[in-house]
Visitor: 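Pasting a structure here, questions to come.
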Amino acid sequence: MHDYNPSLIETKWQQYWQDKKVFKTPENSEQPKYYVLDMFPYPSGSGLHVGHPEGYTATDIIARYKRMCGFNVLHPIGWDAFGLPAEQYAIKTGTHPRETTQKNIKRFREQLQMLGFSYDWDREVNTTDPDYYRWTQWIFLKLYEKGLAYQDEVPVNWCPKLGTVLANEEVVDGKSEVGGFPVVRKPMRQWMLKITDYAEQLLDDLDELDWPESTKEMQRNWIGRSIGAEIEFQIVGHEESLRVFTTRPDTLFGATYMVLAPEHHLTEELTTGENKNRVEQYRKNAALKSDLERQELSKEKTGVFTGSYAINPVNNKKIPIWVADYVLAHYGTGAIMAVPGQDERDWEFAEKYDLPIIRTVSTPGNFEGKAFTGHGVVMNSEFMNGLNVEDAKVSIIQWLEKNGAGKKSVNFKLRDWLFSRQRYWGEPFPIIHVEGKPKPLPEEELPVTLPEVDDFLPTQSGEPPLAKAKEWIKTTDPETCQPAIRETNTMPQWAGSCWYYLRYISPDFEGGPVEKSKENYWMPVDLYVGGSEHSVLHLLYARFWHKVLYDCGVVSTKEPFKKLVHQGMILGELEYTAYKKHGEYIKPEEALEKEDVEKIKLSEKDVEKRGESFVLKGTDIQIDARAYKMSKSRGNVINPDDIVKSYGSDALRLYEMFMGPLEQVKPWSTKGVEGVYRFLGRVWRLLIDDSTGELRRVVHSDEPDQKQMKTLHEAIKKVTNDIEEMRFNTAISALMIFVNEANQWKDLPIEVIKPFLLILSPFAPHLAEELWNRLGHSETLAYENWPELNEEYLKEETVMYPVQVNGKVRGEVYISSDKSGQKDFVLEKAKKQENVQRYLDGSQIVKEIYVPGKIVNIVVKN
RNA sequence: GCCUCGGUGGCGGAAUUGGUAGACGCGUUGGACUUAAAAUCCAAUUCGGGUCGAAACCCGAGUGCCGGUUCGAGUCCGGCCCGAGGUACCA
């Protein structure tokens with residue numbers, strides 16, 4: 001038998017590509033460049049899952065396509081290999097994280113190679129390699145030099161069990177995202193990066209990026225610029241004044257009380273004797289709670305009066321100062337002027353504690369709510385009465401500035417980036433402490449490598465594991481030869497992924513993170529593909545570093561990633577589930593309370609659709625039909641290795657692209673893989689006689705006929721456009737249509753088959769190479785010219801016009817192409833069409849619509 | 001609550017600017033080949049209806065629901081329902 005045998009073909013071509021270094025990145029050429037980048041993976045112990053090849057296949061198709069279009073393509077891969085899992089495994093088993101990481105990388109590399117991606121494997125980067133993190137440390141030095149790195153005592157999320165500090169985003173429901181251990185707040189010495197210095201730029205430069213609007217919007221919201229004013233309130237009987245930020249300075253006349261965050265530095269001072277105990281108690285309670293608990297428990301607002309009063313600068317009224325935890329210490333100035341009339345939170349609080357409410361914006365006639373946050377005419381505000389809100393803002397800011405009571409102000413939600421971790425498996429900081437003061441190491445001292453330790457646990461007090469490397473810690477200041485102590489914190493996983501796209505450009509360069517001339521050529525990244533879970537953090541941090549490097553003259557572009565696309569998640573296979581309670585079937589929506597509910601998995605054959613929902617076949621019993629996120633616990637994980645074993649990697653690649661639009665969430669279907677596998681088999685048998693294994697005799701070198709050229713060029717057109725637009729599912733359908741057509745031909749002109757193999761090759765590279773080779777080529781097709789579309793072949797001899805009467809299709813007419821543009825001729829013929837006539841009979845024609853090449857519509861009246 | 005995305009056959013999806021809704025694939029059904037099965041190939045397949053049946057053809061309904069604009073709406077506008085993801089007192 002000489003059937004399509006992917007495992008044979010695929011290993012053969014993977015070997016060929018590797019041996020001949022077919023995908024080595026071309027250097028020093030006059031040709032245009034294209035940099036297509038995948039978000040590099042964290043090499044986890046469980047290996048590749050089917051989600052990885054989705055984005056990777058998409059970029060691989062683009063890379064192969066661009067090469068054939070004459071671009072120099074940079075298409076690299078590497079490993080984001082620092083991270084907690086390897087460290088936790090080390091704590092459990094004593095295996096050094098380096099060993100685990102190397103093992104996992106090897107597995108990942110093999111798996112990726114097995115899928116036939118056209119990476120330049122000579123450019124692999126690994127964030128844990130000292131030759132790599134040397135430059136991560138170098139960039140940190142730049143940040144430090146620019147005053148963008150500083151130390152601070154910060155109350156952080158301390159997880160005693162993991163022995164590490166977690167970022168807010170790593171804490172879920174008051175527990176660590178990894179492991180689910182409790183998290184408490186604890187002040188600790190930390191390194192911070194001043195990303196806030198770049199807030200404005202990070203926001204403004206989003207506008208020009210070819211990114212999904214939703215991602216840009218998320219970053220905008222995260223940065224959270226709001227424009228308003230800072231207002232200064234004098235405090236009765238105190239020297240100090242209270243500064244607040246507000247986006248609604250126009251409502252100043254309606255400010256009837258003030259609120260401080262419990263952590264506000266003036267809280268203690270402003271609390272008068274009789275209130276001391278209650279305020280102290282309130283602050284203590286607030287401090288004990290994590291951010292999350294505070295939010296959860298504060299559905300009902302709470303607060304206490306300090307006993308002090310502030311003076312509203314605009315009318316000199318005395319207003320009470322309260323402490324409440326609905327005001328956040330880290331946003332704005334940590335204090336607010338409360339305007340219950342125009343703010344729902346303030347209204348709620350004022351109602352509860354019986355504080356005065358003054359409306360300063362007139363409410364619409366039908367308004368029944370409490371606080372009115374909309375726009376309208378200002379009232380109860382003396383000189384601003386009658387203005388609209390926008391004008392009132394301008395007016396009050398002028399007044400504040402004139403009277404020295406405040407000024408216009410812009411505030412950001414974005415906070416500085418907590419940049420240190422108490423872990424072993426991360427980049428050491430290039431910092432020493434001399435006489436208790438931090439000092440950067442000179443560049444020549446890099447890299448500061450991780451010390452060998454045999455115990456990866458942090459100390460009881462929360463000192464990082466590096467504190468246990470007693471020899472390593474003790475060092476001397478290379479400049480002054482004074483004794484010094486090394487920094488024992490390490491950098492977070494984000495550090496290495498903030499700039500890896502630059503290292504690919506010159507992975508072995510010794511003179512800096514990236515070689516200038518090459519950076520100039522290759523940057524920016526033309527296409528970046530990765531999951532939307534990185535919409536904010538990774539993509540914002542990387543943009544921040546890039547902008548710093550731009551200011552340092554290291555890179556030549558303001559933004560790193562020109563175009564960004566997120567691949568959608570692949571869910572598990574569709575599941576049909578019936579629910580039983582005490583032996584009786586129940587409705588799916590009743591199954592939510594878990595006790596006693598029995599789940600029964602059903603196959604497709606057991607169910608049918610009735611109306612809106614699915615039921616058990618032949619009954620009225622409603623069942624659930626959904627696809628779930630793949631997870632080990634659910635047991636619906638698909639392993640790419642198994643798919644490759646059964647159907648080959650061309651089939652896996654093709655299927656993942658055929659499932660649906662790249663960006664969309666889609667359920668897996670192994671039957672669907674079989675479908676594309678059958679398609680690849682048909683391609684094989686189109687050219688190969690499966691009884692002899694030889695080229696079929698119908699393959700010949702005679703001139704193709706018009707019809708064949710038309711079929712070919714239709715495919716070229718569709719596939720080319722669809723690749724450009726990254727609509728791979730419809731491109732594949734066009735390839736299928738071609739094969740379905742070609743299968744009916746009596747002969748197969750080689751001049752039609754060759755371009756077809758070329759347009760197939762980005763999708764199914766192994767099969768395409770094999771058949772290309774069997775057509776007599778000894779070289780790879782990877783650098784053949786992409787077939788050019790010739791519109792001439794697409795011309796139709798006749799054009800079919802659907803004919804509508806009153807918007808309903810009643811017939812169709814065929815018009816020869818040369819007459820298709822003649823309105824009267826087409827209409828005449830349309831009206832004569834037999835079935836159309838039936839509808840025109842006895843009616844009066846009111847209007848005739850003719851859309852050239854598309855449709856005819858005749859509007860009639862009886 | 002807010003923000004974002006989405007809702008089209010039994011299923012995944014297609015319809016590029018408003019112009020024949022359902023391409024392509026899966027599944028299902030029937031047929032061919034085979035001793036038989038698998039594989040493969042061919043045909044049918046939105047739902048309902050019309051002629052004894054079949055083919056061909058025709059009619060009606062149909063893109064979450066209600067309404068609007070238009071000769072014509074899956075596509076545009078208004079209102080609503082449902083699902084997914086994100087977010088959380090940001091003054």
Side-chain angles (χ1 to χ4, degrees), chain A residues 1 3 212-215 217-218 221-222 224 226 228 244-248 251 259 291-292 294-296 298-299 301 324-328 330-333 335-339 342-346 348-349 411-415 532-533 535-536 568-569 571 574 604-605 607-609 612 614 625-627 655 658-661 663-676 678-679 681-682 685 690 718 721-722 725 727 729-730 732-737 740 743 800-812 835 838 846-849 851 853-860:
Chain A
M1 285 306 272
D3 277 341
E213 242 354 275
S214 58
T215 305
E217 198 53 29
M218 279 170 82
N221 294 339
W222 191 269
S226 40
V244 301
F245 172 77
T246 177
T247 53
R248 295 292 302 275
T251 62
V259 184
D291 271 0
L292 253 140
R294 262 166 74 163
Q295 286 150 21
E296 274 171 15
S298 62
K299 278 168 192 149
K301 296 206 172 359
D325 63 5
Y326 81 91
V327 171
L328 306 175
H330 51 68
Y331 183 75
T333 63
I336 61 154
M337 63 178 211
V339 189
Q342 267 70 236
D343 186 287
E344 281 157 9
R345 297 157 295 181
D346 295 346
E348 198 186 318
F349 192 81
N411 202 46
F412 291 95
K413 210 159 101 184
L414 183 70
R415 280 186 264 165
S532 57
E533 65 273 22
S535 287
V536 177
M569 202 191 337
L571 304 175
L574 188 66
E604 215 185 320
K605 287 188 176 117
V607 303
E608 63 183 335
K609 192 149 189 188
E612 289 295 281
F614 279 91
R626 318 182 17 185
Y655 173 65
F658 188 59
M659 294 172 86
E663 304 83 350
Q664 201 166 299
V665 177
K666 331 162 254 279
W668 180 266
S669 154
T670 299
K671 283 282 182 199
V673 185
E674 278 174 33
V676 295
R678 278 199 283 266
F679 163 69
R682 276 200 294 278
R685 288 188 303 274
D690 57 359
K718 185 86 179 124
N721 287 343
D722 284 351
E725 309 275 320
R727 289 192 308 236
N729 53 332
T730 48
I732 292 166
S733 123
L735 293 167
M736 288 172 168
I737 291 169
N740 290 348
N743 255 323
M800 193 275 284
Y801 279 87
V803 183
Q804 298 183 332
V805 178
N806 286 345
K808 295 202 168 179
V809 180
R810 297 302 182 189
E812 29 189 61
N835 199 47
R838 288 173 39 206
V846 199
K847 200 169 178 184
E848 294 170 341
I849 310 279
V851 185
K854 292 268 185 192
I855 205 164
V856 168
N857 188 8
I858 297 160
V859 187
V860 298

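Just so we're on the same page: letters track the sequence lines, and every chain starts at 1.
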Visitor: What integer number of Å spans the C1' atoms of B:G19 and B:G6?
Guide: 25 Å

Visitor: In this structure, how many angstroms lie between the C1' atom of B:C24 and the CD1 atom of A:Ile737, rounded?
Guide: 6 Å

Visitor: Could you please name the option among B:G25, B:G86, B:G19 that lies closest to any side-chain atom of A:Arg682?
Guide: B:G25

Visitor: Mind telling me if B:G6 is syn or anti? Syn here is a glycosidic angle within 90° of 0.
Guide: anti

Visitor: Can you name the nearest heavy-atom pair linking A:Val859 to A:Asn806, along with the distance?
Guide: CA-OD1, 3.3 Å

Visitor: Does the side chain of A:Ser226 come under 3.5 Å of the side chain of A:Asn411 through a donor N or O and an acceptor N or O?
Guide: no

Visitor: Which comes earlier along RNA chain B counting from the 5' end, the contact point of A:Lys847 or that of A:Glu674, where each point is its nearest nucleotide?
Guide: A:Glu674

Visitor: Measuring from atom OG1 of A:Thr251 to atom CE of A:Met337, what distance do you get when rounded to the nearest 0.5 angstrom?
Guide: 3.5 Å

Visitor: What is the distance, rounded to the nearest whole Å, between atom CE of A:Met218 and atom P of B:C2?
Guide: 18 Å

Visitor: Any chance you could list the contact pattern along nucleotides 4-18 of chain B? Use B for base contacts, S for sugar-phosphate-only contacts and - for none, protein heavy atoms under 4.0 Å, 5' to 3'.
Guide: S-----SSBSS-B--

Visitor: Taking all non-hydrogen atoms of both residues, which atom of A:Thr730 and which atom of A:Asp722 are closest, and how far apart?
Guide: OG1-OD2, 2.8 Å

Visitor: Give me the distance, rounded to whole Å, that separates B:A73 from B:C66 when you measure between the P atoms they each carry.
Guide: 15 Å

Visitor: Nearest whole Å is fine: how far is B:U40 C1' from A:Asp3 CG?
Guide: 10 Å

Visitor: Counting side-chain heavy atoms from C-beta on, which of B:C3, B:C71, B:C24 comes nearest to A:Asn857?
Guide: B:C71

Visitor: When you match A:Met569 and A:Thr333 each to their closest nucleotide on RNA chain B, which lands nearer the 5' end?
Guide: A:Met569

Visitor: Checking all strands, does A:Ser669 fall into the base, sugar-phosphate, or nothing category for heavy-atom contacts under 4.0 angstrom?
Guide: nothing

Visitor: Pick the C1' atom in B:G74 and in B:C3, then give their distance to the nearest Å.
Guide: 25 Å

Visitor: Nearest 0.5 Å please: distance from the CD1 atom of A:Ile858 over to the NZ atom of A:Lys808.
Guide: 16.0 Å

Visitor: Whenever both distances are under 3.5 Å in a Watson-Crick or G-U wobble pair, mark it; put RNA chain B into dot-bracket that way, with [ ] for crossing pairs and | when the partner is on another strand.
Guide: (((((((..(((......[....)))((((((.......))))))(((((......)))))..(((((..]....))))))))))))....

Visitor: For the P atoms, the ones on B:A38 and on B:C24, what distance do you get once it is rounded to whole angstrom?
Guide: 25 Å

Visitor: Rounded to the Å, how far apart are A:Tyr326 OH and B:A91 P?
Guide: 13 Å

Visitor: Grab the CH2-P distance between A:Trp668 and B:C26 for me, whole Å please.
Guide: 15 Å

Visitor: For nucleotides 57-62 of chain B, which of its nitrogen or oxygen atoms have a protein nitrogen or oxygen under 3.5 Å away, and what is each distance?
Guide:
unit_1 : atom_1 : unit_2   : atom_2 : d
B:C59  : OP1    : A:Arg810 : NH1    : 3.2
B:C59  : OP1    : A:Asn835 : ND2    : 3.4
B:C59  : OP1    : A:Tyr839 : OH     : 2.7
B:G60  : OP1    : A:Arg810 : NH2    : 3.3
B:G60  : OP2    : A:Arg810 : NH1    : 2.9
B:A61  : OP2    : A:Lys808 : NZ     : 2.9

Visitor: Using the C1' atom as the reference point in each nucleotide, state the distance between B:U70 and B:G83 in Å, no decimals.
Guide: 31 Å

Visitor: Just N and O in the side chain of A:Lys671: are any of them under 4.0 Å from OP1 or OP2 of B:C26?
Guide: no

Visitor: Hey, mind stepping through A:Trp668 and A:Tyr655 against ring-ring contact (aromatic ring centres under 6.0 Å, His included) and telling me if it holds?
Guide: CA-CA 10 Å; A:Trp668 180 266; A:Tyr655 173 65; 5.0 Å; yes

Visitor: To check you understand the geometry: which heavy-atom pair defines the closest contact between A:Lys854 and A:Pro802, and what is its length?
Guide: O-CD, 3.1 Å

Visitor: Hey, does A:Tyr331 have a side-chain heavy atom less than 4.5 Å from the side chain of A:Lys413?
Guide: yes

Visitor: Between A:Asn740 and B:G25, is there a contact of a side-chain N or O with OP1 or OP2 at under 4.0 Å?
Guide: yes

Visitor: Rounded to the nearest angstrom, tell me the gap between atom CH2 in A:Trp222 and atom C1' in B:C2.
Guide: 16 Å

Visitor: With rounding to the closest Å, how many angstrom separate the P atoms on B:A37 and B:U16?
Guide: 44 Å

Visitor: Which nucleotide in the set B:C24, B:C71, B:A91 lies at the smallest distance from any side-chain heavy atom of A:Ser733?
Guide: B:C24

Visitor: Report the distance from atom CD1 of A:Ile732 to atom C1' of B:C26, rounded to the nearest whole Å.
Guide: 15 Å

Visitor: Classify the nucleic acid contact of A:Ser226 as base, sugar-phosphate or nothing, counting any heavy atom under 4.0 Å across all strands shown.
Guide: sugar-phosphate

Visitor: Using a heavy-atom cut-off of 4.0 Å across all strands, would you classify A:Gly332 as base, sugar-phosphate, or nothing?
Guide: nothing

Visitor: When rounded to the nearest 0.5 angstrom, what distance separates CZ in A:Arg682 from CE in A:Met736?
Guide: 7.0 Å

Visitor: Please state the C1' separation for the pair B:C41 and B:G50 - nearest whole angstrom.
Guide: 35 Å

Visitor: If the P atom of B:C77 is compared with that of B:U4, how far apart are they to the nearest Å?
Guide: 14 Å

Visitor: When you measure from the centre of the six-membered ring of A:Tyr326, is the NZ or CZ of A:Lys301 closer than 6.0 Å and no more than 45° off the axis?
Guide: yes

Visitor: Could you state the atom-to-atom distance from CD1 of A:Ile849 to P of B:C71 in whole Å?
Guide: 7 Å

